[in-house]
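I have placed the structure first, in the form of structure tokens, so that the comments after it can refer back to it.
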Amino acid sequence: MDNGKKLTSQKQDFSAWYNEIVHQAELASHSPVRGCMVIRPYGYRIWELMQGSLDAMFKATGHQNAYFPLFLPKSALDREAEHVEGFAPETAVVTHAGGAKLEEPLVVRPTSEAIIWPIVRDWIHSYRDLPILLNQWANVVRWEMRTRPFLRTTEFLWQEGHTAHVSEEEAEEETRRMLGVYRTFMEDWMAMPVITGRQTDSERFAGGLRTYGCEALMKDNKALQAGTSHNLGQNFAQAFDVRYQTEAGEHVYVWSTSWGVSTRLIGGLIMTHGDDEGLILPPKLAPYQTVIVPIWRNDEQRGLVLEAAGRVRAELEAAGVRVHVDSRVGVNPGAKYYDWERRGVPIRLEVGPRDVEAESVMAVRRITPAGADRKTQVPMAGATEWLGAMLVSIQDEMFSAARDRRDAATVRGVEDYTEYRNLIETQGGFAFTGWCGDAGCEQQVKDDTKSTIRVIPDEEFRSETAPVNCLCGAPSVCEVVRARAY
RNA sequence: CGGGGAGUAGCUCAGUCCGGCAGAGCACUGGCUUUGGGAGCCAGGGGCCGCGGGUUCAAAUCCCGCCUCCCCGACCA
């Protein structure tokens, strides 16, 4: 399963630590194709669990799944000027197919607005056809210069929501609603706290009106944009002539939105919770919420222990717990412990002859640091209730720990530029500062410190007293969150 | 595209300076003994030494050309 080596220290080289976890926890493999990734079954199972809960939330907010073509005619992408300018440098283009040169090149979708709206426009005639609330689970391709497993890959899996509305207010409401859905998912399922807010114009979706995002802070104090929600205004409706007839009989353009999260979230999960022993998964997204490791010395004990393990498993399964019995022969219990710790399983249950005798199981929580007293003896009779409650508790503890770490790495009220630069270069983290609103100033700080304005935070995240000045000394027009980011 | 590094077994690499049978650890296969924190012994399998050319009796090693990957920057969900 692995090469038996300890992980490197995350303090020394977070990037190497991250890559080792990805490989040792069997989440992904390198692809022979540049910058692409192979998601292995264990990693894909995490994605499936993410898909499941997100999809349920999309359905609960009235959305329906659909599927649209992988290829965009180049002319369609060209329809929205800012959109094509934003995405053209990173598109892959098919020029030949069927043994001949194509009359019109096809662009492998970097996002699907340019294929969805030319199609969906024919579904919309009247105000009674609106809103259109669609979601697509798909892969997209963006030819980025630099790639990292899950965080930035040439090809990635995601969901993209696309909606059309009768008014700007409705579109804005939808944009904000889905940002909220993302936040709920990230915090309640991933146990990853985020700051929500609006992006500055320089970070806005190409062709959109307003972009909102969720920003998380990784363990190395770098920010990760975990999801975005865009109010596209009428830009795409105009580009693709998507109109409807109002009650009064006028033909007017729809207001559209789009929003997406990707397999990048798996990277966020790793970098929010992992430690030197490997991955740590929140119970709600763990392929196995518990793994039972049977321990025996001879065939007789093996029979007894496996029988007891089987009973515990059956009871847990009946209670809806995702459980696995690691009954591999010829692998020592210790080796199994390391395997499942590396793969982030929240609770390990050990069942040996002594436990069978005492009618109990030995439970070990992944989030408790290695040490003498981390094992808890749990009576077999109440094991299912104990474990169910413990999974809930672990989910909460993980969120609290991540939020505390994020808050501890957050600084407010910095106005002096030297102090800011020093902060970013030494400890990193989120810095709440003022901003003059000038894009030139934003760019200057970026060039200078490699840090960017991550988000203009929503009200609940703002400081009690608004900053007076921007880092440049000019009066601040709004508070912003700055950080170095992935 | 600029700066640096590396291509040898599934993985991590040694061997290259100074040419002479293709190597180690881990992983894998079989056998026996083991199993409460990464088991031991024995026996095996596995190679286009990145690619092409050149020098030489002889090239992983020297020479020429090419390709690829990784790291740091510029781009980004």
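Worth saying up front: this structure is predicted, and the values here are computed from it rather than measured. What you see below is based on every heavy atom in this structure, not just the backbone, and it leaves out hydrogens, waters and symmetry mates. Below, chain A is the first sequence line, B the second, and so on; all start at residue 1.
Protein atom CD of A/E341 is 12 Å distant from nucleotide atom P of B/G37, rounded to whole Å. Rounding to whole angstrom units, CD1 of residue A/I266 and C1' of B/A77 are separated by 13 Å. Spacing between atom OH of A/Y338 and atom C1' of B/G36 amounts to 13 Å, rounded to whole angstrom units. Nucleotide B/A77 holds its P atom 15 Å from the NZ atom of A/K222, rounded to whole Å. Rounded to an integer number of Å, the gap from A/H83 NE2 to B/A77 C1' is 14 Å. For A/R348 and B/G36, the CZ to P distance is 12 Å, given to the nearest whole Å. B/A74 atom C1' lies 11 Å from atom CD of A/Q443, rounded to whole Å. Computed from coordinates, the A/N139 CG to B/A77 P distance equals 18 Å when rounded to whole Å.
A stacked arrangement is assigned to A/F156 and the six-membered base ring of B/A77, with a centre-to-centre distance below 5.5 Å and an interplanar angle below 30°. In this pair, A/Y337 does not lay its aromatic ring on the base of B/G37; centres under 5.5 Å and planes under 30 degrees do not both hold.
Distances shorter than 4.0 Å separate some side-chain N or O of A/N332 from OP1 or OP2 on B/A39. Residue A/R297 places at least one side-chain N or O closer than 4.0 Å to OP1 or OP2 of B/U35.
Nucleotide B/A39 has B/U33 as its partner under the Watson-Crick or G-U criteria, with both atom distances under 3.5 Å. Pairing for B/G73 is with B/C1, a Watson-Crick or G-U wobble pair whose two hydrogen-bonding atom distances lie under 3.5 Å. Pairing of B/U56, defined by two Watson-Crick or G-U wobble distances under 3.5 Å, is not identified with any nucleotide. Nucleotide B/G10: paired with B/C26 (Watson-Crick or G-U wobble, both distances less than 3.5 Å). Base pairing annotation: B/C49 forms no Watson-Crick or G-U wobble pair, as no partner gives both donor-acceptor distances under 3.5 Å. Using the Watson-Crick or G-U wobble rule with both distances under 3.5 Å, B/U16 pairs with nothing in any strand shown.
No contact: A/E155 has no heavy atom under 4.0 Å from any strand. Contacts of A/N298 with the nucleic acid, taken as non-hydrogen atoms under 4.0 Å apart, are absent. If you check every strand for non-hydrogen atoms under 4.0 Å, A/G260 touches nothing. Using a 4.0 Å heavy-atom criterion, one finds that A/T228 contacts no nucleic acid atom at all. Within 4.0 Å (heavy atoms only), A/P89 reaches no atom of the nucleic acid at all. Within the nucleic acid shown, A/W158 has no heavy atom closer than 4.0 Å to any nucleic acid atom. Base engagement by A/V331 is indicated by at least one non-hydrogen atom pair under 4.0 Å involving a base atom. Counting any heavy atom pair closer than 4.0 Å across all strands shown, A/L224 reaches no nucleic acid atom. Across all strands shown, A/R148 has no heavy atoms under 4.0 Å from either base or sugar-phosphate atoms. Using a 4.0 Å heavy-atom cutoff across all strands shown, A/T153 reaches at least one base atom of the nucleic acid.
Nearest to the side chain of A/M362, among B/G38, B/G36, B/G37, sits B/G36. The nucleotide whose nearest atom lies closest to any side-chain atom of A/V364 is, among B/G36, B/G37, B/G38, B/G37. Proximity note for A/W296 (side chain, C-beta onward) versus B/G37, B/U35, B/A77: the nearest is B/U35. Closest to the A/R374 side chain, of the nucleotides B/G37, B/G36, B/C75, is B/G37.
When the C1' atom is used for both B/C75 and B/G2, the distance is 15 Å, rounded to whole Å. Rounded to whole Å, the separation between the C1' atoms of B/C67 and B/G25 comes to 30 Å. Across the P atoms, B/U55 and B/G44 are found 41 Å apart, a figure rounded to whole Å. Separating the C1' atom of B/G47 from that of B/G10 is a span of 12 Å, rounded to the nearest Å. With P as the reference atom, B/G50 and B/A14 are 13 Å apart, rounded to whole Å. For the C1' atoms, the distance linking B/U16 with B/C62 amounts to 10 Å, nearest Å. Look at the C1' atom in both B/A22 and B/G65: the space between them is 26 Å, to the nearest Å. Atom name P, nucleotides B/G45 and B/G23: the rounded distance is 13 Å, in whole Å.
Across A/M178 and A/S229, no two heavy atoms sit closer than the pair CB-OG, 4.2 Å.
Using a distance-only test at 3.5 Å, with no hydrogens or angles considered, no donor-acceptor pair links the side chain of A/R302 to the main chain of A/L306. Side-chain atoms of A/Q136 come within 3.5 Å of backbone atoms of A/F68 as a donor-acceptor pair (strictly under, hydrogens ignored).
Partner of A/L471 under the side-chain contact (heavy atoms from CB on, under 4.5 Å) criterion, out of A/E442, A/Q444, A/R482, A/R421: A/R482 alone.
Counting only heavy atoms from C-beta outward, the side chains of A/M192 and A/M218 approach each other to under 4.5 Å. Proximity of A/K222 to A/F14: side-chain heavy atoms (C-beta onward) are nowhere separated by under 4.5 Å.
Closest-nucleotide positions on RNA chain B for A/A485 and A/D299 were compared, and the one nearer the 5' end corresponds to A/D299. Ranked by how close their nearest RNA chain B nucleotide is to the 5' end, A/P333 and A/R204 are led by A/P333.
For B/G37, its base never sits under 3.5 Å from the side chain of A/E350 at any donor and acceptor pair.
A/R148 forms no cation-pi arrangement with A/Y486, by the criterion of a distance under 6.0 Å to the ring centre and an angle within 45° of the ring axis.
Ring geometry, A/Y182 versus A/W259: the interplanar angle exceeds 60°, so the pair is classed perpendicular (tilted spans 30 to 60°). Between A/F205 and A/F236, the ring-plane angle classifies as tilted under the 30° and 60° cut-offs.
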